[in-house]
Structures are given as C-alpha cells and as structure tokens.
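For the single chain, residues carry numbers from 1 onward in sequence order. Excluded from the calculations below are hydrogen atoms, water molecules and symmetry mates; all remaining heavy atoms, backbone and side chain alike, are included.
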Amino acid sequence: MQLVLASRSPRRRELLALTGLPFRVVVPRTDETQRPGEPPEAYARRLSQEKAGAAAAMLDERALVLAADTIVVDGSDVLGKPADAGEARAMLRRLRGRTHHVMTGLTLLDTATGRRRTELAISPVPMREYTDEEIEAYIASGDPFDKAGAYGIQNHGFHPAEGFAHCFSNVMGLPLCHVTRMLRDSGLPPPVDVAAACEQALGYRCPLFEDVLAGRA
C-alpha cells in the first residue's frame, strides 16, 4: 500500500523517512483559520482531518494518507508563525521561563475504505530564561519565521527549551511513535525500530516511547 504524506514541511519529511517506509508527498490546500471559540485540541484535530481529506481527493490510487498539524498553545491562545521580527520577539518573550504546550493532530486516512483515524499528541515544553540579546540574535538568524511560536526546539544555537522530558519529534511537527502505532494498526508496520532511529537522529533519549507504542500514552 502506498503511503502519502500530506505536508509541505521538510522537517516532517525528514522525520517520516526515519520509519524506513517509502512515501511520496502531496501538498493539499486548506484553510487553516481557527474557528471562533474553537478549542486548540479540536482545531489541531480538525486541520489534520481536512488536510488528509484534501490530499486524498488529489489521488487516483489507493493510499494511506498521513496528515499532521502542529500548534503551539500558551494558555488558551494558539501562537502561529510570526509575521515579522516584532511578532517573533513578542512570542519569545511571552514563552520565556514558562511552560507551554505543543499539540499535533494526526490523521491517517485509507482512501480505499474511507477509514479515518485521528489522534492528538500533546507535549509540555518548559522554556529557559534566555536573554533579550539571545532573542535578537536568534531573530537575526531567520530561524523563527517559519515556525509556530517563533522557535525550533532543535535549534542548537538558541536551545530554547530546558528540562524537556517528552516527545521531541512532536514538537518538531511529527510524533513518530504515534505515527508508528497508527501505521502498524492500519496494516503498514515500519520495517525498522522507529524509536531507536528517532533517538539516534535527534540525539535525545525519549522517556515515553514504550508507553506510546503500547497505547498507554
């Protein structure tokens, strides 16, 4: 069965490649506007479902379509990608020294049967007390502008998080153990040890991969 990733994100492509499964990329067009009063959890789930459906409509052959949408949530507010340096600065100052949450809605859609499975991965992200000077240097690097919340947890120069102990790949945009579990349950198990591949690639010892793979988290 063909696996299709419904995303333009290069980070998601790199992460999905760690499963050892061949896949191709389809980039659907969807309206990513949050609805009035829509809770963040429902928003992330809905967007992943809409992306999967839009991508499936572009295909002529049977496939498993994987779609994801990752949002940064502080309190009840969803922080998107900053439009300019001022927005990036405001977001980074807001998150500094506090814990927020990153949520990824995941949908796996079988185009032949219409079977759709959606999950939500939520990771708490404690941010360190970086300085204003570090914020300015990070903004000058250009890295914040294509990232929700104006930061990349994987950026070694800025290293925004401190004491993080959850799913690293989720904060990057694709929680790989959740994906592995969904693929396995849909009849397309990855041929490699995905948790080990993820840890090696990201240089991070994950404390919860066993629970996620077993369906306990």
Side-chain angles (χ1 to χ4, degrees), residues 3-19 21 23-59 63-83 87-88 91 95 100-111 114-125 143-154 166-183 185-186 198 202 212 217:
L3 178 61
V4 171
L5 175 64
S7 177
R8 69 173 70 252
S9 167
R11 289 179 295 278
R12 288 199 181 106
R13 296 179 194 182
E14 292 169 1
L15 289 169
L16 188 58
L18 295 176
T19 65
L21 290 167
F23 65 92
R24 72 185 184 95
V25 173
V26 170
V27 181
R29 292 187 178 183
T30 54
D31 181 1
E32 299 190 8
T33 305
Q34 185 178 12
R35 294 170 180 170
E38 185 175 32
E41 296 88 344
Y43 174 50
R45 286 177 177 270
R46 177 178 61 83
L47 285 188
S48 74
Q49 292 170 352
E50 291 181 354
K51 288 179 180 180
M58 301 167 65
L59 303 174
L64 278 178
V65 178
L66 176 66
D69 193 83
T70 302
I71 58 175
V72 173
V73 182
D74 185 39
S76 59
D77 296 332
V78 175
L79 305 185
K81 297 175 184 178
E87 282 193 5
M91 288 182 189
L95 297 176
H100 62 278
H101 291 83
V102 172
M103 303 179 183
T104 299
L106 287 170
T107 293
L108 191 64
L109 174 64
D110 187 328
T111 61
R115 181 176 182 264
R116 184 183 73 184
R117 176 173 175 174
T118 300
E119 294 194 8
L120 184 70
I122 304 176
S123 297
V125 184
D143 193 61
F145 298 108
D146 67 339
K147 297 175 177 63
Y151 75 90
I153 192 172
Q154 71 274 24
H166 212 268
C167 179
F168 201 92
S169 67
N170 181 41
V171 185
M172 289 180 64
L174 194 68
L176 280 179
C177 286
H178 286 78
V179 170
T180 298
R181 188 175 67 195
M182 295 171 76
L183 289 170
D185 293 348
S186 297
C198 181
L202 303 185
V212 174

Which heavy atom in [X] sits nearest to a heavy atom in [Y], and how many Å separate them?
{"X": "T70", "Y": "V102", "answer": "CG2-CG1, 3.5 Å"}
{"X": "P144", "Y": "A88", "answer": "CB-CB, 4.3 Å"}
{"X": "E50", "Y": "T30", "answer": "O-CG2, 3.8 Å"}
{"X": "P28", "Y": "M58", "answer": "CA-SD, 3.9 Å"}
{"X": "H178", "Y": "L106", "answer": "CB-CD1, 3.7 Å"}
{"X": "V171", "Y": "V125", "answer": "CG2-CG2, 3.9 Å"}

In the structure I gave you, are the side-chain heavy atoms of [X] and [Y] within less than 4.5 Å of one another anywhere?
{"X": "Q154", "Y": "K147", "value": "yes"}
{"X": "Y43", "Y": "V73", "value": "no"}
{"X": "L3", "Y": "L183", "value": "yes"}

Can you tell me if R8 has over 12 outside heavy atoms packed within less than 6.0 Å of its CZ? no

In this structure, are over 12 heavy atoms from other groups packed under 6.0 Å from R24 atom CZ? yes

Main-chain N/O of L174 paired with S169 side-chain donor or acceptor, under 3.5 Å: yes

With distance as the sole test, does R181 use its side chain to make a donor-acceptor pair with the main-chain N or O of V212 at under 3.5 Å? yes

Between V179 and R12, does a side-chain contact (heavy atoms from CB on, under 4.5 Å) hold up when you go through it step by step? CA-CA 11 Å; V179 170; R12 288 199 181 106; over 6 Å; no

Verdict with reasoning, K81 to E87, per salt bridge (charged side-chain N to carboxylate O under 4.0 Å, His left out): CA-CA 9 Å; K81 297 175 184 178; E87 282 193 5; over 6 Å; no

Approximate separation, where rounding is to 0.5 Å, of [X] [atom1] and [Y] [atom2]:
{"X": "S186", "Y": "L109", "atom1": "OG", "atom2": "CG", "answer": "10.0 Å"}
{"X": "L15", "Y": "C198", "atom1": "CG", "atom2": "SG", "answer": "6.5 Å"}
{"X": "L95", "Y": "Y151", "atom1": "CG", "atom2": "OH", "answer": "6.5 Å"}
{"X": "T104", "Y": "M172", "atom1": "OG1", "atom2": "CE", "answer": "11.5 Å"}
{"X": "E38", "Y": "T33", "atom1": "CD", "atom2": "OG1", "answer": "10.0 Å"}
{"X": "E32", "Y": "D69", "atom1": "CD", "atom2": "CG", "answer": "5.5 Å"}

Show your working on side-chain contact (heavy atoms from CB on, under 4.5 Å) between M91 and V72 and close with a plain yes or no. CA-CA 11 Å; M91 288 182 189; V72 173; over 6 Å; no

